[in-house]
Amino acid sequence: MPVQRLNHAVLYVRDVERSVAFYREALGFEVVMGMRGAAFLQAAGSANDHDLGLFEIGAQAAPSPAGRSAVGLYHLAWEVDTLEELERIAARLTEMGSLVGASDHSTTKALYAKDPDGLEFEVSWLVPAALLTEETLRGRSRIRPLDLAAEKERYGAHTRGGIGVSTPA
């Protein structure tokens with residue numbers, strides 16, 4: 001049987017309490033278990049035991065060189081159900097000074113942000129399979145700036161994303 005999905009991610013962070021506060025405030029994660037120097041968080045809509053593990057390594061930790069001078073993980077991506085939710089998160093990340101980009105990948109509408117340790121993550125909405133057109137699929141070959149107002153007009157603010165793509169139809 002093939003791999004079905006990513007169950008959780010684990011990050012090394014400088015200060016676990018600071019990172020917990022960030023992921024709670026930015027994305028609505030909740031702590032499901034914690035111990036000295038570690039926390040396990042779950043996304044509000046998740047059925048996973050946990051979606052994110054955080055392990056504290058201390059203030060002396062150097063920044064990750066991944067993508068600049070070493071191989072390594074570029075980012076994690078979390079999916080939201082609606083463009084309205086993507087817009088709400090964009091506003092929240094902007095308020096927090098964490099939003100670093102917003103891209104239209106044609107089939108995926110994506111926000112990019114950095115956590116307090118500079119680790120990048122993505123929050124995205126996927127065009128449902130039933131709404132994919134040949135034009136939309138061809139559009140994946142280039143990245144454009146994200147215009148959330150236009151995408152809400154095109155697909156609807158409350159249309160559930162990912163149906164038939166990452167969520168069963």
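For the single chain, residues carry numbers from 1 onward in sequence order.
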Side chains of [X] and [Y]: closer than 4.5 Å at any heavy-atom pair?
X: K109; Y: V127; answer: yes
X: Y23; Y: L52; answer: yes
X: L126; Y: T107; answer: no

Distance only, no hydrogens: is a donor on one side chain within 3.5 Å (strictly under) of an acceptor on the other, for E122 and H75?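 Their side chains do contain a donor-acceptor pair, which is all the 3.5 Å distance test asks for.
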Are Y74 and E120 close enough that a side-chain donor and a side-chain acceptor fall under 3.5 Å?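 Checked: Y74/E120 side chains pair up, N/O donor to acceptor below 3.5 Å.
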[atom1] of [X] to [atom2] of [Y]: how many Å apart, nearest 0.5 Å?
X: N48; Y: F40; atom1: CG; atom2: CZ; value: 13.5 Å
X: H8; Y: H50; atom1: NE2; atom2: NE2; value: 4.0 Å
X: L93; Y: L27; atom1: CG; atom2: CG; value: 6.0 Å
X: E56; Y: D117; atom1: CD; atom2: CG; value: 9.5 Å
X: S106; Y: I143; atom1: OG; atom2: CD1; value: 11.0 Å
X: E151; Y: T159; atom1: CD; atom2: OG1; value: 11.5 Å

Show your working on side-chain contact (heavy atoms from CB on, under 4.5 Å) between W78 and F121 and close with a plain yes or no. CA-CA 8 Å; W78 286 290; F121 62 91; 3.7 Å; yes
Taking all atoms of both residues into account, what is the closest heavy-atom pair of [X] and [Y], and its distance?
X: L146; Y: A110; answer: CD2-O, 3.8 Å
X: A66; Y: G72; answer: CB-CA, 3.8 Å
X: L76; Y: A9; answer: CD1-CB, 3.5 Å

Any salt bridge between E85 and R88, counting N to O under 4.0 Å?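 A salt bridge is present here (some side-chain N lies under 4.0 Å from a carboxylate O).
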Determine, for K152 against E84, whether the closest basic-nitrogen to carboxylate-oxygen distance falls under 4.0 angstrom.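 Salt bridge flag = no for E84 with K152.
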Same hydrophobic cluster for [X] and [Y], using side-chain heavy-atom links shorter than 4.5 Å among ILVMFWY?
X: L148; Y: V100; answer: no
X: V16; Y: F55; answer: no
X: L6; Y: V165; answer: no
X: L137; Y: I163; answer: no
X: F29; Y: V20; answer: yes

Using a 3.5 Å distance criterion without hydrogens, assess whether the side chain of [X] forms a donor-acceptor pair with backbone atoms of [Y].
X: E135; Y: L132; result: no
X: S46; Y: Q42; result: no
X: R160; Y: T82; result: no
X: S103; Y: H105; result: no
X: R24; Y: A21; result: no
X: D51; Y: A43; result: yes

I would like to know whether L83 and E87 meet side-chain contact (heavy atoms from CB on, under 4.5 Å); could you show each step before the answer? CA-CA 6 Å; L83 286 167; E87 185 175 55; over 6 Å; no
Take atom CD in E153; do more than 12 heavy atoms of anything else shown fall under 6.0 Å from it?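 Not more than 12 within 6.0 Å, no.
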Geometric class of the Y155/W125 ring pair [parallel <30°, tilted 30-60°, perpendicular >60°]: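 Tilted.
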Verdict with supporting geometry, I89 and V80, side-chain contact (heavy atoms from CB on, under 4.5 Å): CA-CA 9 Å; I89 290 173; V80 295; 3.7 Å; yes
Could you list the residues that satisfy side-chain hydrogen bond (donor to acceptor under 3.5 Å, both in side chains) with K114, not counting sequence neighbours?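 Once residues adjacent in sequence are excluded, K114 has no partner under the side-chain hydrogen bond (donor to acceptor under 3.5 Å, both in side chains) criterion.
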Stepwise side-chain contact (heavy atoms from CB on, under 4.5 Å) check, R154 with T136: CA-CA 12 Å; R154 180 177 182 182; T136 306; 3.3 Å; yes
Please identify which of these residues, I57, L119, L54, meets the side chain to side chain contact (heavy atoms under 4.5 Å, CB included) condition with Y12.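 It is I57, the one option of I57, L119, L54 that forms the side chain to side chain contact (heavy atoms under 4.5 Å, CB included) with Y12.
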